[in-house]
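Predicted model only: the values in this text are computed from it and were never measured. Read the numbers this way: they start at 1 and go in the same order the structure lists the ligands and their atoms. Counting from 1, the numbers follow the sequence of the chain as shown.
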Amino acid sequence: MNRTIQEPIVKMVQITKRFPGVLANDAVDLELLPGEVLALLGENGAGKSTLMNMLVGLYRPDSGSIYVRGKLADIHSPQDSMSLGIGMIHQEFMLVGNMTVAENIVLGLKDLSFAPDFETIKNRIQELSDRYGLKVDPNAVIHDLSVGEQQRVEILKLVYRGADILILDEPTAVLTPNESRELNKIVKIMLSEGKSAIFITHKMDEVIEFSDKVQVLRRGKTVNICNTVDVTPQDLANMMVGREILFSLDRCPFNPGGIKLQVSDVSIFNPLGSRNVLDHVSLEIHRGEILGIAGVAGNGQQQLTEVITGLMHCDEGSILIDGIEMTNATPLAIIKAGVSHIPADRGAMGIVGDMTVGENLAMKKYRTSEISKGAVIKKSFMRVFAEKLISAFAIKTPNQDTSVKYLSGGNIQKTILAREIDSCGGILIAVYPSRGLDVGATEAVRQNLIAQRDQGNAVLLVSEEIDELLMVADKVAVMFEGRIMGTRDVKETNIEELGMMMAGVSVRRA
Ligand SMILES: Nc1ncnc2c1ncn2[C@@H]1O[C@H](COP(=O)(O)OP(=O)(O)O)[C@@H](O)[C@H]1O
Ligand SMILES: [Mg+2]
């Protein structure tokens with residue numbers, strides 16, 4: 001056979017990058033062949049984003065070299081990498097909120113004349129939007145768009161600029177399953193055009209579906225490179241974490257106590273439309289029970305959790321905690337009644353970037369007698385306590401005295417989750433707690449939810465992943481258009497039945 005050896009389109013050689021206290025990349029080699037999709041895997045904090053940020057000129061390596069199409073590349077800025085045809089979709093979006101889609105797309109383009117002909121630009125955007133099925137209106141203002149739509153603008157930015165080497169840094173981590181499916185369709189079209197890509201994701205099904213090759217990083221070093229067809233999701237999870245990951249969890253038998261939280265006939269009227277935001281929702285959670293809430297996002301789950309935690313008022317119905325009337329009580333009164341809350345939007349959860357990991361973890365303990373005695377804070381207790389949570393949730397940090405702002409996104413999430421789950425005083429409301437986390441962290445979160453239940457707490461777990469609900473919850477209630485479609489014991493239901501209910505189909509049971 002006349003087999004030619006392909007030159008890599010991107011070659012990174014012995015790349016090392018250090019941050020204060022962390023060796024983020026330790027002599028990493030990476031090769032991407034033309035038309036190839038490389039999945040870059042690793043736990044939160046393994047060094048994936050850092051490595052890619054050097055390819056697009058946001059960071060400079062301390063040592064090592066980068067070759068693009070066989071030539072040594074000196075990449076100082078995103079403009080440099082763009083002119084080499086490299087474009088990146090970042091974990092955090094980089095759009096300007098008060099500008100339009102079209103303005104964002106042309107922002108920073110080098111070859112722009114002084115007065116850009118916006119009609120031409122908009123036509124081109126429309127054309128690309130149609131070609132990739134992006135459904136983006138060039139005139140829309142960014143802050144009016146959903147997260148999924150903003151993501152599509154980021155993609156449009158890349159294709160508009162003609163990138164043929166795509167770097168996708170966890171593009172679906174912040175998306176709902178539906179939005180992820182939409183995004184993946186678009187990625188597929190782009191890849192079918194022969195573009196090369198480096199795809200960072202924690203979702204094993206995406207790795208299997210999209211990639212040709214997998215490179216696994218752990219603590220800044222490459223631990224494995226293999227062909228995707230040769231490995232299973234289980235293999236990959238184990239390589240990432242360096243230990244066996246359990247895809248099913250051990251749990252004690254369900255042994256519920258009395259009713260802890262009772263929600264009866266709760267409604268929120270919709271001032272604009274006809275359909276109620278919440279429509280006579282009733283549910284109860286016992287001590288030592290996990291009630292899962294299934295449903296496609298936007299069917300009232302968020303509002304339900306906000307009514308329970310006092311962040312939103314309900315127009316009708318009642319909420320009892322331990323049999324005591326708490327309907328429309330203040331958030332503080334509800335916290336005092338023992339409710340902790342992990343909201344979907346973790347940004348709103350009061351992490352203090354300039355404070356240390358240990359201080360952030362202990363923030364809710366200050367009020368308890370274990371840590372504070374009068375005005376004196378028991379420092380040593382606090383340190384032991386923080387150490388315990390750092391290890392239970394596998395938070396990757398140089399030590400507990402590191403400022404939280406230096407942690408990777410996933411590890412900031414883990415810090416918040418650890419604090420909230422641990423401080424649970426009877427009821428834990430967890431909204432999409434594993435969203436955006438790697439497999440190891442997801443496992444830790446699930447195990448900790450179950451541990452709360454086994455200690456006799458009542459847990460409300462909102463999730464879009466039926467697998468997760470079946471693995472973790474005792475019962476699952478399905479929400480659709482503000483109503484509860486039905487509640488099932490997990491032992492007596494399955495994915496198909498719950499999926500039908502999520503789609504609004506009433507499933508009658510014999
Ligand atoms: N700007 C920075 N300053 C200090 N430390 C950083 C910075 N960026 C990343 N790090 C650290 O480098 C390590 C790798 O982070 P990152 O590349 O974001 O990981 P990943 O993308 O695999 O989750 C982490 O320990 C993180 O805390
Ligand atoms: Mg990252």
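Relative orientation of the Phe199 and Phe210 rings is tilted, given thresholds of 30° and 60° on the angle between their planes.
Here the heavy atom of the protein found nearest to atom 18 (O) of ligand 1 is Ser408 CB, 3.6 Å. At the top of the distance list for atom 25 (O) of ligand 1, counting protein heavy atoms only, stands Val22 CG1, 3.5 Å. Closest to atom 10 (N) of ligand 1, if we only count protein heavy atoms, is Phe19 CD1, 3.3 Å.
Although no hydrogens or angles enter the test, the distance criterion places no donor-acceptor pair under 3.5 Å between the side chain of Lys414 and the main chain of Leu437.
Using a 4.0 Å cut-off to heavy atoms of Asn44, the atoms of ligand 1 that qualify are 23 (O). Counting atoms of ligand 1 from 1 in the listed order, those under 4.0 Å from a heavy atom of Gly45 are 13 (C), 14 (C), 19 (O), 20 (P), 22 (O), 23 (O), 24 (C). Annotation for ligand 1: atoms under 4.0 Å from non-hydrogen atoms of Tyr59 are 1 (N), 8 (N). Each of the atoms 9 (C), 14 (C), 15 (O), 16 (P), 17 (O) of ligand 1 lies under 4.0 Å from some heavy atom of Thr50. Within the listing of ligand 1, atoms 22 (O) sit less than 4.0 angstrom from a heavy atom of Glu43.
Using a cut-off of 4.0 Å between Lys/Arg side-chain N and Asp/Glu carboxylate O, Glu182 and Lys135 are scored as salt-bridged. Contact check on Glu443 versus Arg446 returns no salt bridge, with no Lys/Arg side-chain nitrogen under 4.0 Å from an Asp/Glu carboxylate oxygen. A salt bridge between Glu209 and Lys188 is present, with a side-chain N of the basic residue lying under 4.0 Å from a carboxylate O of the acidic one.
At least one N/O-N/O distance between Tyr406 and ligand 1 falls below 3.5 Å. Some N or O of Gly47 is nearer than 3.5 Å to an N or O of ligand 1, by distance alone. At a 3.5 angstrom cut-off on N or O pairs, Ala24 does not count as close to ligand 1.
Coordination check, Ser49 versus the Mg ion (ligand 2): passed, since an N/O/S atom of the residue sits under 2.8 Å.
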Inset, instruction - Go through Tyr432 and Gln301 one step at a time and tell me if the side-chain contact (heavy atoms from CB on, under 4.5 Å) criterion holds. - result: CA-CA 10 Å; Tyr432 310 123; Gln301 299 94 318; 4.3 Å; yes

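With 3.5 Å as the limit, one finds no donor-acceptor pair spanning the side chains of Glu7 and Tyr67.
Looking only at side-chain heavy atoms (C-beta outward), Val37 and Thr228 stay at 4.5 Å or farther from each other.
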